[in-house]
Colleague: 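Quick one: this structure, given as structure tokens, is what I'll be asking you about.
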2 protein chains.
Amino acid sequence: MVSDSSSPIEFSLDVKSGVPYYKQIILQVEMAIADGRLTKGTKLPTVRALAVDLSINPNTVARAYGEMEIRNIVVTQQGSGTFISDKEISLDAVERERILTEITRSYISKASSYGFTLEELIRHIGELGCEVALKEDT
Amino acid sequence: MVSDSSSPIEFSLDVKSGVPYYKQIILQVEMAIADGRLTKGTKLPTVRALAVDLSINPNTVARAYGEMEIRNIVVTQQGSGTFISDKEISLDAVERERILTEITRSYISKASSYGFTLEELIRHIGELGCEVALKEDT
DNA sequence: CACATTGTACTAGTAGATTAGTACAATGTC
DNA sequence: GACATTGTACTAATCTACTAGTACAATGTG
């Protein structure tokens, strides 16, 4: 049974970037959600289909999908496929706070090692936030 | 010839943290600078002395010192030792801006993937910033 | 139930990061 | 100049992240 074989979005991999394939997949899904190209309930390509399309191993795609499911970005169901999560991120308040503290502390630590001040950080977040474009990750 | 064997600050390693030893050393120096325990020109423990103190290999300490020298946090001189840098971080304005943009964009990207808002980020930085006590010696 | 389609589990190979072992080079002190 | 003290260079062992190979399990469809 051949359903719609066209992917909801175009995936691509930058081999030379040094960024792991599975992270690149996650990032592209996140960006597509952020700018509206992917909406709630949309079905992602199957593990095998995307693996063939990108010429990588199915497990690598599965890993990307798996991590996104942990973050409640997608929902997976055997036999059906992987879909953009219907519900909003459902982290409870405690877990949410813990994660935010963790990544923020990491950010401040790195920034301070370069000698940046708090004022600079907050100013920059304000400026970059206006772009809303979520481009890179490390 | 035994000079003053007391270290300017106390170093310690968390073996279970998963954070590389050399990074822990760097972080502890950065924190000490941030809260004033280490000041410009202060001599750090010698590579060997700190290695013995922490029961690790001298090269691991050397790597920490080496990375800090690249960031202009410290200055090393063979025969003399390693000292907290006299001069301020000497990144030119352009490079400085580029680095701040890079790490900030990465932070916003990661945070947004968890659904955090800009307001939450800025609020958190304000709160955590007080703990970390960033250096404000502009 | 039969079979295709979907995600998953398990293992192994590869590459890079981290740390240690050992020896060397540069500098300071007398 | 002799010698101790300092950082450094080079190699190897070890560990972990990442990816692939292969086979399996769960679900949907007729």
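Each chain gets a letter, A, B and so on, in the order the sequences are listed, and its residues count up from 1. Values reported hereafter were calculated over all heavy atoms of this structure, with side chains retained and with hydrogens, waters and symmetry mates removed.
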Colleague: Nearest 0.5 Å please: distance from the NZ atom of A:Lys23 over to the CD atom of A:Glu30.
Modeller: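 CD of A:Glu30 is found 11.5 Å from NZ of A:Lys23.
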Colleague: Which residues within residues 46-59 of chain A lie with some heavy atom under 4.0 Å of an atom in DNA chain C?
Modeller: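 A:Thr46, A:Val47, A:Arg48, A:Asn59 - these, ordered by number, are the residues of the stretch whose heavy atoms sit under 4.0 Å from the strand.
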Colleague: OP1 or OP2 of C:dT6 versus the side-chain N and O atoms of A:Thr76: is any pair under 4.0 Å?
Modeller: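 A:Thr76 to C:dT6 OP1/OP2: no side-chain N or O under 4.0 Å.
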Colleague: Going by the salt bridge (charged side-chain N to carboxylate O under 4.0 Å, His left out) test, which pairs reach into residues 49-68 of chain B, not counting sequence neighbours?
Modeller: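 For residues 49-68 of chain B, and leaving out neighbouring residues, the salt bridge (charged side-chain N to carboxylate O under 4.0 Å, His left out) pairs sorted by first residue read B:Arg63-B:Glu67.
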Colleague: Are OP1 or OP2 of C:dT18 and a side-chain N or O of B:Lys23 less than 4.0 angstrom apart?
Modeller: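 Yes, such a contact exists.
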Colleague: Would you please name every residue forming a side chain to side chain contact (heavy atoms under 4.5 Å, CB included) with B:Val52, sequence neighbours left out?
Modeller: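 Scan of B:Val52 (side chain to side chain contact (heavy atoms under 4.5 Å, CB included), adjacent residues dropped) gives none.
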Colleague: Would you say a side-chain N or O of B:Tyr22 is under 4.0 Å from OP1 or OP2 of C:dT18?
Modeller: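 The answer is yes; a side-chain N or O of B:Tyr22 sits under 4.0 Å from OP1 or OP2.
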Colleague: Can you tell me if the side-chain N/O atoms of A:Ser80 get under 4.0 Å from OP1 or OP2 in D:dG28?
Modeller: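 Indeed, a polar side-chain atom of A:Ser80 lies that close.
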Colleague: Quickly work out the B:Lys16 NZ to D:dC15 P distance and round it to whole Å.
Modeller: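 The answer, rounded to whole Å, is 19 Å.
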Colleague: Given that A:Gln78 and A:Tyr21 both sit by DNA chain D, which one's nearest nucleotide is further toward the 5' end?
Modeller: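 The residue whose closest nucleotide sits nearer the 5' end is A:Tyr21.
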Colleague: Can you name the residues that form a salt bridge (Lys or Arg N to Asp or Glu O under 4.0 Å) with A:Arg48, not counting sequence neighbours?
Modeller: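 So A:Arg48 forms no salt bridge (Lys or Arg N to Asp or Glu O under 4.0 Å) with any residue.
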Colleague: Nearest nucleotide by nearest heavy atom, which residue falls closer to the 5' end of DNA chain D, A:Arg63 or A:Gly79?
Modeller: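 With A:Gly79 and A:Arg63 compared, the 5'-side residue is A:Arg63.
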Colleague: Could you give the OH-to-P distance, from B:Tyr65 to D:dG7, as a whole number of Å?
Modeller: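 My rounded result for the distance is 7 Å.
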Colleague: Taking only residues two or more places apart in sequence, or in another chain, which ones meet A:Ser17 in a side-chain hydrogen bond (donor to acceptor under 3.5 Å, both in side chains)?
Modeller: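 Expected list: A:Gln24.
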Colleague: Between atom CD in B:Glu67 and atom P in D:dT8, what is the gap in whole Å?
Modeller: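 It works out to 13 Å between those atoms.
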Colleague: Are any of A:Thr82's side-chain N or O atoms less than 4.0 Å away from OP1 or OP2 of C:dG7?
Modeller: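 For A:Thr82, the contact criterion (side-chain N or O under 4.0 Å from OP1 or OP2 of C:dG7) is met.
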Colleague: For A:Pro58, which residues count as a side chain to side chain contact (heavy atoms under 4.5 Å, CB included) partner, sequence neighbours excluded?
Modeller: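 Partners of A:Pro58 by the side chain to side chain contact (heavy atoms under 4.5 Å, CB included) criterion, ordered by chain and then number, come out as A:Val47, A:Ala51.
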